Amino acid sequence: MKEDKRMNSIARRINRYWIRRTILILALMDIALGSMVAASWIDVNVGYFWAVLGGAEVLLVLLQGRVGRDKARRLLEPLERIAQTAQELSQVRFDSEKLHHLEDAIGTVSLLSPDARVLTGDKELQGLESAINDLIKRMRETYTEQTRFVSDASHELRTPIAVIQGYADMLSRWGKDDEKVLEEGITAIQSEGAHMKKLIEQLLFLARGDNGRTQLVLEDVDLSLMLREVYEESQMIHPDREWRLDAEAPVIVRGDAAMLKQTARILVDNAVKYTADGQLISLRTRFKEGAPCFEVQDNGIGIKQEDLTHIFDRFFRSDPARTRSTGGTGLGLSIAKWIVDRHGGYFDVFSREEFGTRIGVVLPQETEEA
């Protein structure tokens with residue numbers, strides 16, 4: 001009750017300030033209009049003019065007084081809620097023994113244990129227990145992901161390093177005298193070196209993205225024009241595939257042109273890997289339920305249904321042997337997902353084994369940088 005009176009008093013003071021400010025502005029306006037009428041800049045009936053103006057101003061001040069109280073009260077509502085919460089907290093009995101009990105329960109938890117949970121059995125501490133357990137779960141998931149990522153990255157780097165080391169040893173023994181061995185060794189080392197360079201660049205891209213150091217450069221992008229550029233360069237790089245483009249009408253989005261183009265290239269690169277020579281790869285732009293979209297569809301081997309939910313995981317390969325033989329790192333789609341997520345979009349994936357895969361990128365009309 002006392003707090004309500006205090007808030008009403010503050011609201012009345014704020015309202016009086018607004019009324020005084022309104023009267024001051026109206027007075028200054030009256031002086032200016034009076035000067036213009038006196039100087040004959042405005043040709044009106046003076047009595048009628050002042051009567052209408054005065055009535056309008058009185059009505060405006062009355063409305064300000066009526067509406068201002070409610071407006072001031074609404075502005076003060078967050079402060080009132082804070083005051084009430086602080087008052088409630090001040091009345092809560094502080095039980096140090098329970099907090100020590102909670103502290104002991106936290107101290108016995110092993111974060112690496114999959115079943116680790118804080119449990120005190122005290123109903124009054126259930127809210128804190130739930131918050132702490134959620135935090136432990138997120139920490140455990142993050143730790144597991146980082147451990148897997150480091151392990152997978154080490155494995156991916158170990159393979160090309162081992163190949164390079166093996167061919168270097170072979171060249172050291174026989175390459176000086178055997179031109180065939182020399183040529184084979186140099187080719188293999190160049191290939192593995194290029195693969196390792198690509199892998200490191202992708203790892204650095206994801207690391208910068210995770211640390212918030214990669215920023216989007218937003219501009220209006222025509223997805224149809226962008227996809228046409230990818231289509232033309234793909235025809236030149238992979239003339240052994242059949243290509244089709246359906247991107248006539250402009251499809252405009254707000255986004256980072258370079259990163260969206262990189263996403264399209266990643267999808268095309270995947271389509272090429274899993275599509276045999278002479279088979280069709282289609283590129284298309286359209287609106288999916290009103291949202292801008294671009295798609296890449298192949299006639300390749302398709303993706304197993306149980307693998308569809310994992311294709312954007314880092315280092316995941318639906319077919320490890322086939323992907324490794326074509327130079328894949330297992331990071332392309334992870335990079336594409338990072339880019340699309342930053343644009344506020346999502347992937348629309350449809351695939352059937354032996355029939356091919358269609359991956360669409362659906363973007364919002366307006367994109368804000370995350």
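Because the structure is predicted, anything quoted here is derived from the model rather than measured.
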Straight-line distance of [X] [atom1] to [Y] [atom2], nearest 0.5 Å:
{"X": "Ser224", "Y": "Asp246", "atom1": "OG", "atom2": "CG", "value": "8.5 Å"}
{"X": "Gln165", "Y": "Ile189", "atom1": "CD", "atom2": "CD1", "value": "9.5 Å"}
{"X": "Arg358", "Y": "Ser282", "atom1": "CZ", "atom2": "OG", "value": "11.0 Å"}
{"X": "Ile161", "Y": "Met196", "atom1": "CD1", "atom2": "CE", "value": "5.0 Å"}
{"X": "Glu295", "Y": "Asp348", "atom1": "CD", "atom2": "CG", "value": "6.5 Å"}
{"X": "Ile164", "Y": "Leu171", "atom1": "CD1", "atom2": "CG", "value": "11.5 Å"}

Tell me the ring pair (Phe, Tyr, Trp, His ring centres under 6.0 Å) pairs involving residues 277-308, sequence neighbours left out?
none
Counting only heavy atoms not in Glu179, do more than 12 sit closer than 6.0 Å to its CD atom?
no
What pair of heavy atoms forms the shortest contact from [X] to [Y], and how long is it?
{"X": "Tyr346", "Y": "Lys288", "answer": "OH-CE, 4.0 Å"}
{"X": "Asp222", "Y": "Val251", "answer": "OD1-N, 3.1 Å"}
{"X": "Trp243", "Y": "His238", "answer": "NE1-O, 3.0 Å"}
{"X": "Asp256", "Y": "Gln215", "answer": "OD2-O, 4.2 Å"}
{"X": "Leu363", "Y": "Ala291", "answer": "O-CB, 3.6 Å"}
{"X": "Phe347", "Y": "Lys337", "answer": "CE1-CA, 3.5 Å"}

Between [X] and [Y], is there a shared hydrophobic cluster once you connect ILVMFWY residues whose side-chain heavy atoms come closer than 4.5 Å?
{"X": "Ile311", "Y": "Val362", "answer": "no"}
{"X": "Trp338", "Y": "Val349", "answer": "yes"}
{"X": "Leu223", "Y": "Leu225", "answer": "no"}
{"X": "Ile237", "Y": "Leu245", "answer": "no"}
{"X": "Phe205", "Y": "Ile200", "answer": "yes"}

Single hit among Val340, Val230, Val253 for side chain to side chain contact (heavy atoms under 4.5 Å, CB included) with Leu260:
Val253
Option from Ile281, Asp240, Ile301, Thr357 for which side chain to side chain contact (heavy atoms under 4.5 Å, CB included) with Thr275 holds
Ile281
Using only atom types and a distance under 3.5 Å, with no angle test, would you say the side chain of [X] pairs donor to acceptor with the backbone of [Y]?
{"X": "Gln305", "Y": "Ser351", "answer": "yes"}
{"X": "Arg342", "Y": "Thr214", "answer": "yes"}
{"X": "Thr187", "Y": "Glu183", "answer": "yes"}
{"X": "Asn299", "Y": "Leu280", "answer": "yes"}

For Arg228 and Glu248, run side-chain contact (heavy atoms from CB on, under 4.5 Å): C-alpha distance rounded to whole Å, both residues' side-chain angles, the deciding distance at 0.1 Å, then the answer.
CA-CA 9 Å; Arg228 177 170 292 279; Glu248 298 299 327; 3.5 Å; yes
Under 4.5 Å between any side-chain heavy atoms of [X] and [Y], yes or no?
{"X": "Glu353", "Y": "Lys304", "value": "yes"}
{"X": "Arg254", "Y": "Asp220", "value": "yes"}
{"X": "Val296", "Y": "Val268", "value": "yes"}
{"X": "Val272", "Y": "Asp298", "value": "no"}

With side-chain contact (heavy atoms from CB on, under 4.5 Å) as the criterion, how do Leu333 and Leu267 come out once you've worked through the C-alpha distance, each side chain's angles and the decisive distance to 0.1 Å?
CA-CA 8 Å; Leu333 287 179; Leu267 298 183; 3.8 Å; yes
Return the set of residues passing side-chain hydrogen bond (donor to acceptor under 3.5 Å, both in side chains) with Asp269 (not counting sequence neighbours), or none when no residue passes.
Lys273
May I have the step-by-step check of side-chain contact (heavy atoms from CB on, under 4.5 Å) for Glu184 and Tyr167, ending in yes or no?
CA-CA 9 Å; Glu184 179 185 349; Tyr167 274 100; 3.4 Å; yes
